[in-house]
2 protein chains.
Amino acid sequence: MTGRRTRVMLADDHTLVRGGIRKILEGQPGIEVVAEAADGAAALDLVGSTEADVLVLDLKMPGTDGIDVLRAAKAIRPGLKVVILTMHAGQEYVARAVKGGADAYLLKDSAVQDLVAAVSAVMAGQTYFSPAIQQQLAGLLRNGGQPPSGTQTLTDREREVLTWLARGLSSKEVAKELNISVRTVETHRANLMHKLGVKSVAVLIQVAMREGIIDPTP
Amino acid sequence: MTGRRTRVMLADDHTLVRGGIRKILEGQPGIEVVAEAADGAAALDLVGSTEADVLVLDLKMPGTDGIDVLRAAKAIRPGLKVVILTMHAGQEYVARAVKGGADAYLLKDSAVQDLVAAVSAVMAGQTYFSPAIQQQLAGLLRNGGQPPSGTQTLTDREREVLTWLARGLSSKEVAKELNISVRTVETHRANLMHKLGVKSVAVLIQVAMREGIIDPTP
DNA sequence: CCGGATCTCCGTACTTGTACGGAGGCCGCT
DNA sequence: AGCGGCCTCCGTACAAGTACGGAGATCCGG
């Protein structure tokens, strides 16, 4: 629109996928890819050192929580537009990404043209969300703002307990870890089960992984 | 090599990733992409209906077990070369893929040129494996053939119990499901824990997902 | 044919998790 | 100040999982 090409940075841990996205974007006349990163830390380095207009960010990268990268990127360079590109449509994920200032949220099973459209949209100061994501957003808005409808948002403490549970600690061990009573951990655990609507630890873990609440243990 | 271009089919559930891979391959002079599929069933349809030399197959697709697709594809058209392209390097995954007749096994964090090299290799009647995969294979071969070293292979029954556990059933419920005693289920459960080297159901589920033994509950 | 692996079942003792229900302190918002 | 959400802790009773160790049946391959 401005006559200058849009400069894009890519952050995705899968080299091959990153390369493919690059090819797609480079096929567009108005877009040029100026940098790539394979993890959150490298992405933030780029944000600080490279002049770019848009960051295409995969939320699922080893080590770092993608949402933290998003927030940090926006803090470092508020004018930077961020397009979230992930395979997860979990409510927790979406809610935290939007609150973190994401300008677009695309699923990896979107059409190729959607990616281009998303980049164009954010450059025009607009937002862009995949259809599935728009539904999530509608659900979020309907309920006032923060608390999603079906899946309730977890409290910080619950999320913390959950991550330790995911690492295989028993309630007793989590209690020691957090210096709280076993009963308290059990309360959090019960609340987690209820909030996520599951009845076993096995499914709890899977839901948590799918929603992007925890990352797999390496 | 033959003067004719290599015809490639793509099977990956993520449209955007698929599109990217297509762009990468189409940038190569000797390669043309002749078809795409978003799930296992569609991939098998293509194998039956389309003349192609190579199938680039993502093992993680909704609904179908990628290994089954691999085996079926080889059964339908034995001459077809199959390049596995996935983000999982789990031993179970690799072992089953190789036994299923995979000609190449690439990780999604491979370099772009590795994909091209893999396609060329299988067309020349050779195999191609990512470095990380080669290590897994070495481990497999060292132990005679079937039983991997660190992670032991699971028996069919154990895998069966595991999938039910992953769906949230208690030992008692699994026992009813399989018409066996609760004690037996508990034995299998204990063996699973030992074989996979974990001490909690939470980690068990994660390892199982990472190794490709179970697929996430939808 | 025998050994090994697998699947099956059992008991017992102990540890954990689950399901109730109740309660006080803290903090932010109205 | 009052309200509500969150975090914290408690008891009790029952269900489930864990850790031992043992054993018979089948099936397959050497």
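Lettering follows sequence order; numbering is per chain, from 1.
Under a cut-off of 6.0 angstrom, the local environment of NZ in A:Lys172 is sparse, with at most 12 non-hydrogen atoms contributed by other residues, nucleotides or ligands.
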Are there any protein N/O atoms within less than 3.5 Å of an N/O atom in nucleotides 15-21 of chain D, and if so, which ones and at what distance?
unit_1, atom_1, unit_2, atom_2, d
D:dA16, OP2, B:Lys172, NZ, 2.5
D:dG17, OP1, B:Ser171, N, 3.4
D:dG17, OP1, B:Arg189, NH2, 3.2
D:dG17, OP2, B:Ser171, N, 3.4
D:dG17, OP2, B:Ser171, OG, 3.4

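No salt bridge links B:Glu173 with B:Arg167; every basic N to acidic carboxylate O contact stays at or beyond 4.0 Å.
Remark: of the listed residues B:Lys108, B:Arg18, B:Lys60, B:Lys108 is the sole one forming a salt bridge (Lys or Arg N to Asp or Glu O under 4.0 Å) with B:Asp12.
Atoms CG (A:Asp156) and P (C:dC27) sit 15 Å apart, rounded to a whole Å. In this entry the distance linking CG of A:Asn191 with P of D:dC6 reads 9 Å, nearest Å. Between A:Leu154 atom CG and D:dG5 atom P there is a gap of 16 Å when expressed in whole angstrom units. Rounded to a whole Å, the CD1 atom of A:Ile180 is 16 Å from the P atom of D:dC6. Rounded to a whole Å, the CZ atom of B:Arg159 is 18 Å from the P atom of C:dA5.
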| task | Determine, stepwise, if the pair A:Glu186 / A:Arg189 fulfils salt bridge (charged side-chain N to carboxylate O under 4.0 Å, His left out). | result | CA-CA 5 Å; A:Glu186 284 170 347; A:Arg189 184 196 281 250; over 6 Å; no
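Closest of all the heavy-atom pairs between A:Ala111 and B:Thr15 is CA-CG2, 4.1 Å.
Here B:Thr155 reaches the OP1 or OP2 of C:dC7: one of its side-chain N or O atoms lies under 4.0 Å away.
Looking at the side chain of B:Arg157, the nearest of the listed nucleotides C:dT8, C:dC10, D:dC6 is C:dT8. Minimum atom distance to the side chain of A:His188 is reached by D:dC7, of the listed C:dT8, D:dC7, D:dC10.
B:Lys195 places a side-chain heavy atom less than 4.5 Å from the side chain of B:Glu158.
Axis angle between the ends of the helix from C:dC1-D:dG30 to C:dT30-D:dA1, five pairs each and rounded to 10 degrees, works out to 50°.
Atoms CZ and CG, on B:Arg77 and B:Asp53 in that order, are 10.0 Å from each other to the nearest 0.5 Å. The CZ atom of A:Phe129 sits 12.5 Å away from the OG atom of A:Ser110 when rounded to the nearest 0.5 Å.
Side chain of B:Asp103 to main chain of B:Val83: no donor-acceptor pair is present (N/O by atom type, distance under 3.5 Å, no hydrogens or angles).
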